[in-house]
Amino acid sequence: MVGNPITNAADSTIACNDDGSSGALQLTATVAAGSSITAYWNQIWPHNTGPMLTYLAQCPGSSCTGVSAASLKWFKIDQAGLLSGTVYSGTWASGKMINDNSTWTSTIPKTVPSGNYLIRFETIALHSLPAQFYPECAQITITGGGSLAPTSAQLVSFPGAYSNSDPGLNIDIYSNAAQTQTTYQIPGPPLYGSAVTATVPSSTSATTTKTTSATTTPTSTPTGSPGTVAQYGQCGGSGWTGATGWYGIIVYFSP
């Protein structure tokens, strides 16, 4: 995985924090549609101002192994931004993630078609400009799914889904305006299953200012150590030599 935060929305590594190619020992987990999946950040996360987002991308063929994450079309299944208060001093989704033992839980929609997917968990830190992107990916096979395909407006590419000039990324949370602002525009496409449309990619911010994510409290407390990499993670690539200890995720599944 890359040790430094990504600050350019057009960075070639923004899909999965690297080129997204899987290694020889890549594992794939089976997840039932409608079940929850939890990402655990393997250190105490320091950035409590910013949104949390979860994406899926379906892979062609019988496996995601060997597929470049940059070649896939992604759709957002979960998002949360400013939960309460003001942009300057309010409670953010990333703060909730920290308070929940550095975990974020999303639900795989029951309507998502069965198949092989990459799942992409992302936290975006807004304490500095430009914003800092922290994405990580894992390979999963979804079973028992539905038949609702994402619409063209809900599908994006990485890079391409964001621009550094998007309102939700080019925001000064320490400004005078932020001290009274109580809305926040979450970047990226509209949520999967929603009727909201968006323009992609020049200004791909969702038109809602706040969306409550489908999250639950993990049933058990995950454990990990700095420098570990997700069991099902796909944050490496050609020339990857191991975890850096800067950040990473471990992925847990709940039936």
Side-chain angles (χ1 to χ4, degrees), residues 6-17 20 33 37 39 50-60 64 67-83 92-94 104 106-113 115-126 130-138 140 142 145-171 183-215:
I6 299 168
T7 57
N8 183 356
D11 195 293
S12 62
T13 66
I14 198 169
C16 292
N17 191 30
I37 180 169
M52 301 293 300
L53 310 96
T54 308
Y55 290 82
L56 289 174
Q58 188 165 19
C59 298
C64 287
V67 175
S68 170
S71 70
L72 299 176
K73 292 294 185 180
W74 298 83
F75 57 99
K76 190 194 300 178
I77 62 168
D78 188 14
Q79 65 178 12
L82 181 62
L83 302 182
W92 289 86
S94 55
W104 190 261
S106 298
T107 298
I108 303 296
K110 293 182 179 179
T111 53
V112 169
N116 297 290
Y117 290 82
L118 291 185
I119 187 166
R120 177 182 185 271
F121 286 94
E122 179 180 36
T123 180
I124 302 176
L126 301 177
Q132 298 179 1
F133 305 91
Y134 296 92
E136 295 290 348
C137 300
I140 62 174
I142 296 176
S147 58
L148 181 63
T151 66
S152 59
Q154 294 165 356
L155 290 169
V156 294
S157 299
F158 285 104
Y162 304 149
S163 168
N164 280 88
S165 62
D166 288 344
L169 300 175
N170 186 27
I171 181 171
T183 60
Y184 170 74
Q185 197 167 350
I186 299 173
L191 277 175
Y192 165 80
S194 68
V196 179
T197 58
T199 301
V200 179
S202 58
S203 179
T204 56
S205 299
T207 58
T208 53
T209 57
K210 175 184 171 184
T211 301
T212 302
S213 63
T215 60

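Hydrogens, waters and symmetry mates are skipped; everything else that's a heavy atom, side chains included, is used.
- What you find for Ala9 and Tyr162 is that their closest heavy atoms are CB-O, 3.7 Å.
- Using a distance-only test at 3.5 Å, with no hydrogens or angles considered, a donor-acceptor pair links the side chain of Arg120 to the main chain of Ala15.
- Applying the ring-ring contact (aromatic ring centres under 6.0 Å, His included) rule to Phe75 yields the partners Tyr192; only residues at least two apart in sequence or on another chain are considered.
- The main-chain N or O of Thr13 is found under 3.5 Å from a side-chain atom of Asp11 such that the two form a donor-acceptor pair.
- For the atom pair CD1 of Ile140 and CD1 of Ile108, the computed distance is 4.5 Å after rounding to the nearest 0.5 Å.
- The distance from atom CG of Leu126 to atom CG of Leu169, rounded to the nearest 0.5 Å, is 7.0 Å.
- Residues forming a side chain to side chain contact (heavy atoms under 4.5 Å, CB included) with Gln132 (at least two apart in sequence, or on another chain): Pro5, Thr7, His47, Ala125, His127, Ser128, Tyr134.
- Taking the side chain to side chain contact (heavy atoms under 4.5 Å, CB included) definition, one finds that Lys73 meets it with Leu155, Ser157, sequence neighbours left out.
- Within the model, atoms CD1 of Ile171 and CD of Gln185 stand 9.5 Å from one another, a figure rounded to the nearest 0.5 Å.
- Note that CZ of Phe121 is 8.0 Å distant from CG of Asp78, once rounded to the nearest 0.5 Å.
- Applying the side chain to side chain contact (heavy atoms under 4.5 Å, CB included) criterion to Pro159, with sequence neighbours excluded, gives Ile14.
- Judged as a side chain to side chain contact (heavy atoms under 4.5 Å, CB included), and not counting sequence neighbours, the contacts of Ser94 are Met52, Trp92, Thr123.
- Annotation: side-chain hydrogen bond (donor to acceptor under 3.5 Å, both in side chains) contacts of Asn164 (sequence neighbours excluded): none.
- Taking both residues in full, the closest heavy atoms of Cys59 and Leu72 are given as SG-CD1, 4.0 Å, listed atom of the first, atom of the second, then distance.
- When all heavy atoms of Leu118 and Ala69 are compared, the closest pair comes out as CD1-CB, 3.8 Å.
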